[in-house]
J.: 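Quick one: the structure is below, questions incoming.
Please read these numbers as outputs of a predicted model, since none were measured by experiment. All ligand and atom numbering here is 1-based and tracks the order in the structure.
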Amino acid sequence: MEEIKTIKTQEDVIKLLNTALEHEWAVSFEYTIHAYSMPKGKFFYEDPIMKSRTDARAQTIQIGIDEMYHSLQLGIIITQMGGTPSFKTDEVVRYPKIMDNLKRDKITEDMVINLYQSAEFEEGAFPKIQNMIWNISYDEVRHSQQFEAMMEAIKMEGNEEVLCFQPIAENREREENQLLHEITRLENKLLHQYLKYVLLFSEHQDLSQRLFKNSIDHMRHWDKNSGLLIKMKDVIQIENAVKDENGVERSKSPMPSAYPGEDRLPALENLIPAEKALIAKYEKLISLVKEKEIKEQLELHLALNQEHLFTDEWLLKNAQKIKGIK
Ligand SMILES: [Fe+2]
Ligand SMILES: [Fe+2]
Ligand SMILES: [Fe+2]
């Protein structure tokens with residue numbers, strides 16, 4: 001993460017916000033992936049902010065969602081300032097041990113706190129941006145304290161060596177598992193593709209809010225599918241990750257860095273085939289899966305994707321009715 005100290009011009013602001021954005025995209029994944037690599041309801045800690053005994057896994061997912069909202073805030077401001085939000089990301093890493101992932105989470109929080117809090121603005125320049133950055137930085141301060149408390153509890157209970165879920169090789173080769181990985185990858189792509197258009201059309205609240213709703217649905221599906229993979233004795237994959245000899249997985253491209261469509265019509269035209277392809281894959285997977293609970297969850301995802309398709313088709317047709325709309 002590049003440090004950007006002195007902020008004078010609009011370009012400096014956009015550079016700072018895009019540097020932060022590439023971090024926020026990465027951690028929104030990284031934390032959720034770390035969470036879905038550990039068991040539910042097993043590692044509790046005393047949360048220093050909420051003052052309650054909390055499941056480390058559940059809270060790590062919540063923090064990942066906070067990071068997604070940071071991305072959204074940054075992307076909207078970058079767009080309003082005439083910049084282009086970056087969809088590149090910082091590196092995403094998963095260690096074999098739960099404790100090592102939490103250590104990394106705490107370190108990345110402290111790094112980004114430093115990025116936000118060390119930016120020096122010229123007196124009176126961009127006051128609202130300065131305020132936003134301070135506000136985000138204190139979410140990060142909270143996250144850092146929460147990760148710290150999770151680590152302390154794990155240490156106290158002697159769980160430092162506990163490993164993340166390991167996929168069972170034969171299961172991963174099954175058609176159902178491969179299809180679910182593929183679907184989960186597409187959910188992830190669509191979630192960000194919708195978000196790109198949410199940012200692009202943020203001044204048109206009617207359009208951006210409809211697209212945002214779909215994006216959030218895809219985020220939930222990604223999340224739920226990660227849980228289903230565990231039930232299928234598997235574990236969420238990190239896209240384009242390379243595993244080293246110590247079992248550490250690293251990826252610099254955990255999501256596509258570019259999505260097609262810069263105007264309303266091409267954007268909507270791109271969403272329709274993507275939703276159709278996803279629907280077809282869910283239908284295929286549902287026909288293969290035998291376990292009732294998994295099948296029912298997949299059917300819920302399929303139903304919402306059918307709703308998205310209806311919405312997108314009408315958003316496109318309605319836009320086509322208005323000559324010259326962008
Ligand atoms: Fe953040
Ligand atoms: Fe954070
Ligand atoms: Fe969808």
Side-chain angles (χ1 to χ4, degrees), residues 1 16-32 34-35 49 59-75 77 89-90 92 101-102 104-117 132-148 150 183-195 197-198 210-225 268 270-283 298-315:
M1 190 189 302
L16 171 69
L17 299 186
N18 259 329
T19 302
L21 180 57
E22 292 179 6
H23 159 85
E24 298 289 355
W25 288 134
V27 288
S28 70
F29 266 125
E30 197 165 51
Y31 299 161
T32 334
H34 291 171
I49 316 288
Q59 186 54 30
T60 302
I61 296 169
Q62 283 306 314
I63 297 175
I65 295 171
D66 288 347
E67 311 299 7
M68 191 58 91
Y69 279 106
H70 291 165
S71 305
L72 186 69
Q73 291 171 23
L74 293 165
I77 300 296
T89 84
D90 289 355
V92 168
N101 288 329
L102 290 172
R104 174 172 167 88
D105 299 341
K106 158 92 170 108
I107 291 168
T108 48
E109 288 294 346
D110 293 343
M111 265 166 55
V112 77
I113 292 170
N114 179 54
L115 174 78
Y116 286 129
Q117 296 192 349
M132 173 180 78
I133 282 172
W134 280 105
N135 289 341
I136 296 180
S137 85
Y138 276 88
D139 292 338
E140 315 298 16
V141 168
R142 169 169 62 82
H143 297 163
S144 176
Q145 292 174 4
Q146 292 175 311
F147 284 130
E148 178 76 46
M150 291 178 206
I183 285 174
T184 307
R185 195 183 65 71
L186 288 176
E187 291 282 11
N188 174 36
K189 181 176 172 221
L190 260 176
L191 127 69
H192 290 94
Q193 188 168 353
Y194 273 105
L195 276 182
Y197 306 143
V198 170
R210 285 184 173 83
L211 298 173
F212 186 58
K213 189 250 177 210
N214 291 3
S215 175
I216 294 288
D217 287 344
H218 286 294
M219 195 196 301
R220 290 210 185 96
H221 294 169
W222 186 90
D223 181 294
K224 288 281 175 198
N225 286 345
L268 295 168
N270 275 303
L271 287 171
I272 292 167
E275 289 284 5
K276 282 184 178 162
L278 185 57
I279 286 170
K281 289 197 191 289
Y282 269 112
E283 284 169 343
L298 294 170
E299 278 165 349
L300 288 175
H301 298 185
L302 171 62
L304 269 183
N305 283 320
Q306 297 282 16
E307 186 192 286
H308 298 162
L309 183 59
F310 179 92
T311 305
D312 291 349
E313 284 181 335
W314 281 104
L315 288 174

J.: Would you say the side-chain atoms of E187 and H301 include a donor-acceptor pair closer than 3.5 Å?
T.: no

J.: Applying side-chain hydrogen bond (donor to acceptor under 3.5 Å, both in side chains), run through D217 and H221 and close with a yes or a no.
T.: CA-CA 6 Å; D217 287 344; H221 294 169; 5.7 Å; no

J.: Of all N, O or S atoms in H308, which has the smallest distance to the Fe ion (ligand 3)?
T.: ND1

J.: Give the total of protein N/O/S atoms at a distance below 2.8 Å from the Fe ion (ligand 2).
T.: 5

J.: Pick out which of I272, L268, L271 makes a side chain to side chain contact (heavy atoms under 4.5 Å, CB included) with L315.
T.: L268

J.: For the Fe ion (ligand 1), what is the closest N, O or S atom on E24?
T.: OE1

J.: Does one side chain, of H143 or Q146, offer a donor that lies under 3.5 Å from an acceptor on the other?
T.: no

J.: Looking at residues at least two apart in the chain, or sitting in another chain, which of them share a side-chain contact (heavy atoms from CB on, under 4.5 Å) with K189?
T.: Q193, P256, Y259

J.: Is it the case that H192 and N188 place a side-chain donor and acceptor less than 3.5 Å from each other?
T.: yes

J.: Is the Fe ion (ligand 3) less than 2.8 Å from an N/O/S atom of D217, whether that atom is in the backbone or a side chain?
T.: no

J.: Checking E30 against H23: is there a side-chain donor and acceptor pair closer than 3.5 Å?
T.: no

J.: Would one find an N, O or S atom of N214, in either backbone or side chain, under 2.8 Å from the Fe ion (ligand 3)?
T.: no

J.: Any luck finding a side-chain donor-acceptor pair between D139 and Y116 under 3.5 Å?
T.: no

J.: What do you get for the angle at the Fe ion (ligand 3) between NE2 on H218 and OE2 on E275, to the nearest 10 degrees?
T.: 80°

